[in-house]
Amino acid sequence: SRMTRVEMISREPGRVVHHQSFENWPAGVSSHATAPMDYLIVGVERVVRWVWPKQGRLGGLAVESLDIAGALVSPLLGVLVVVVVGWWALTLRDAEGHGLAQWWMAPFLVAVSPAMVQATLFGRPDHQSLLVVLLGCAMGAEHFMICRPRRVFSIVGGASWGMALWVSLFEPLVLLALVFGFGIIFAWNRWWGRSRGEWLVALLSILFVAWSVEGVPLLLPNWSMRESLMRWGGTIGELHGAGWGGVFGSWMGAMVWGGAVLLWVGRRRFAIEQKHGICIFASTLCALLGLAWWQIRWAPYAVLIFSFCLPWVLSFFRRQSLGALLGMLSLLPVASAWIDRVQPDPGVLEERHMDRSERVNARLAAERMRSPEVMPFLAVWWLSPAIAYWSGQPAVAGSGHEGISGILDSARFFVTENPQEAREILDRRLVRWVVASDPARAAENARAILGIETRRKPLAERLWEPNLEWEWGLEGERNVTTFRLLKVLPWTALEPSQTKDPE
């Protein structure tokens with residue numbers, strides 16, 4: 001979905017996409033996605049177009065500058081957040097005014113944490129990568145505003161919070177509420193000082209610009225479909241809970257278990273202004289660990305806050321070599337998680353191979369759908385945004401809660417046993433193509449979303465029959481393996497004596 005928006009903006013610079021007609025066809029959706037990430041990718045694409053070699057082995061990719069920009073934007077933002085955290089950690093001082101010897105552990109953790117790498121993954125142009133950079137700048141500025149109040153830190157902090165809220169009104173708003181609340185509790189006199197007025201002006205200025213450009217981007221889920229939304233959310237990995245197993249250690253290292261407690265107990269060892277910052281960061285970390293326990297989507301932000309806490313935690317060890325050694329040893333669970341990823345067992349390796357193969361074949365199928373004519377398609381919801389981007393055709397399903405009605409229609413279509421019900425969905429959604437993929441996975445996911453069980457053969461399996469019964473009104477490709485395109489036949493092409501009137 002993001003790359004389709006970017007493609008639209010690249011064709012028409014200056015445009016802001018408010019309505020996405022390429023999913024939940026024909027109604028479309030008013031997406032919660034906003035302009036900053038769109039234009040950041042377009043900006044990277046312009047640079048790629050300028051610097052990418054036109055000759056040689058890489059020259060053939062020069063025409064794919066938009067795809068290259070979408071693939072590179074998140075890793076580039078990942079490098080930037082490492083730089084931001086490293087610069088902030090380098091400025092930390094102890095009670096005597098000396099720099100903290102273990103400052104380098106903060107950017108190192110951000111660079112190697114699997115949760116942070118997932119947020120800034122190559123080929124994943126998600127706004128989460130931009131959020132971690134903006135929130136890193138905001139949290140660093142909050143610390144400076146307490147310890148060394150200056151106008152520049154106030155303006156940077158307010159602008160960072162404002163940009164983060166422009167990108168998304170969910171995670172940054174929750175984090176701002178946590179910092180605001182803990183700031184009032186632990187450091188009211190220092191937290192809300194003269195510099196906070198400049199911070200507020202910068203914040204409101206950015207929000208005013210966002211409102212002028214985007215309108216009101218607050219889009220709440222359709223609670224009339226609350227049960228369907230919950231069942232659909234249960235099929236998305238990042239909306240699952242992390243639990244209290246070893247997953248936190250694999251994200252942040254073993255020291256995460258006692259880091260917040262150690263900071264809280266030993267905060268008196270630091271100067272008064274440092275103590276206030278430590279209390280705010282430690283309390284925010286505890287809250288984010290609880291949110292990550294609820295939903296994995298909070299993991300990158302928990303890693304970000306813990307990276308701010310880590311140099312302080314290691315400074316409790318008076319011998320610098322001991323602190324560095326313990327810090328590295330605490331990252332053994334992170335190293336173990338990377339070993340599992342780099343050298344997975346055969347089952348996981350085969351699953352990754354199948355996933356890559358599926359996406360390659362999905363693109364090939366999408367390219368067969370390209371046409372100057374608008375020919376909407378119906379496919380499983382998790383592949384629909386990518387197929388829409390590659391084919392240039394609108395999809396019935398999508399990947400956002402705003403298009404839950406299209407997701408539900410797609411699920412009903414793949415598990416139906418009734419040709420009349422299938423035809424009603426195709427006609428109501430003006431579908432011209434049906435994309436058949438892995439029938440077992442399509443049927444299983446659809447049953448989970450709808451909360452039903454089917455005993456007979458669902459349509460997802462029938463779509464792969466060489467000669468599909470005439471009553472389904474579909475005509476499919478031959479000699480295909482992982483994806484099969486089926487044309488929706490008009491009513492006049494069906495047997496007149498057996499065709500019912502669509503009304």
Hey, are the side chains of [X] and [Y] touching, using non-hydrogen atoms and a 4.5 Å cut-off?
| X | Y | value |
| --- | --- | --- |
| Ser1 | Ser399 | yes |
| Ile387 | Met369 | yes |
| Met163 | Pro36 | yes |
| His32 | Ser168 | no |
| Met105 | Leu331 | yes |
| Val434 | Phe377 | no |
| Val83 | Pro107 | no |
| Asn24 | Glu402 | no |

State yes or no: are the ring centers of Trp381 and His401 separated by less than 6.0 Å?
-> no
What do you reckon, is CZ of Arg15 surrounded by more than 12 foreign heavy atoms closer than 6.0 Å?
->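 Above 12, so yes.
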Closest contact, heavy atoms only, [X] versus [Y]:
| X | Y | result |
| --- | --- | --- |
| Leu77 | Met37 | CD1-CE, 4.3 Å |
| Pro344 | Leu349 | CG-CD1, 3.8 Å |
| Ala106 | Ser307 | CB-O, 3.1 Å |
| Ala379 | Ser410 | O-OG, 2.8 Å |
| Met3 | Tyr389 | O-CE1, 3.5 Å |
| Cys309 | Leu285 | SG-CD2, 4.4 Å |

Between Phe108 and Trp104, how do the two ring planes meet: parallel, tilted or perpendicular, split at 30° and 60°?
->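 Geometry flag for Trp104 against Phe108: perpendicular rings.
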Any idea how Trp298 and Phe170 line up, ring-wise: parallel (<30°), tilted (30 to 60°), or perpendicular (>60°)?
->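 Taking Phe170 first and then Trp298, their aromatic rings stand perpendicular (interplane angle over 60°).
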Can Ile296 and Trp251 be said to form a side chain to side chain contact (heavy atoms under 4.5 Å, CB included), step by step?
-> CA-CA 11 Å; Ile296 293 176; Trp251 291 340; 4.0 Å; yes
Does [X] pair with [Y] as a salt bridge, N-O distance under 4.0 Å?
| X | Y | result |
| --- | --- | --- |
| Asp355 | Arg352 | no |
| Asp409 | Arg429 | yes |
| Glu23 | Arg5 | no |

Nearest-0.5 Å distance that lies between atom CG in Leu378 and atom CH2 in Trp433 |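 It is 14.0 Å, given to the nearest 0.5 Å.
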Nearest 0.5 Å, what's the CD1-CG distance between Ile305 and Leu135?
-> 8.0 Å
Can Arg441 and Glu461 be said to form a salt bridge (Lys or Arg N to Asp or Glu O under 4.0 Å), step by step?
-> CA-CA 10 Å; Arg441 187 180 178 189; Glu461 296 180 13; over 6 Å; no
Just by distance, do the side chain of [X] and the backbone of [Y] share a donor-acceptor pair under 3.5 Å?
| X | Y | answer |
| --- | --- | --- |
| Ser250 | Val247 | yes |
| Arg447 | Val415 | no |
| Asp345 | Val348 | yes |
| Ser336 | Leu332 | no |

Evaluate the side chain to side chain contact (heavy atoms under 4.5 Å, CB included) criterion for residues Phe122 and Leu72: first the C-alpha distance (whole Å), next the side-chain angles of each, then the deciding distance (0.1 Å), finally the verdict.
-> CA-CA 6 Å; Phe122 178 81; Leu72 290 178; 3.7 Å; yes
What do the steps show when you test Thr34 against Glu214 for side-chain hydrogen bond (donor to acceptor under 3.5 Å, both in side chains), and what is the final call?
-> CA-CA 7 Å; Thr34 51; Glu214 304 277 1; 4.6 Å; no
Take Arg196 and Glu142 through the test salt bridge (Lys or Arg N to Asp or Glu O under 4.0 Å) and record every step on the way to the result.
-> CA-CA 10 Å; Arg196 193 58 65 173; Glu142 292 293 333; 3.1 Å; yes
Take Asp67 and Arg363 through the test salt bridge (Lys or Arg N to Asp or Glu O under 4.0 Å) and record every step on the way to the result.
-> CA-CA 13 Å; Asp67 285 347; Arg363 179 159 190 169; 3.6 Å; yes
Worked check of side-chain hydrogen bond (donor to acceptor under 3.5 Å, both in side chains) between Ser74 and Asp126 | CA-CA 7 Å; Ser74 287; Asp126 189 80; over 6 Å; no
Passing candidate, ring-ring contact (aromatic ring centres under 6.0 Å, His included) with His143, options Phe153, Trp312, Phe308 | Trp312
Derivation and outcome, side-chain hydrogen bond (donor to acceptor under 3.5 Å, both in side chains), residues Trp25 and Gln393 | CA-CA 10 Å; Trp25 179 267; Gln393 302 292 353; over 6 Å; no
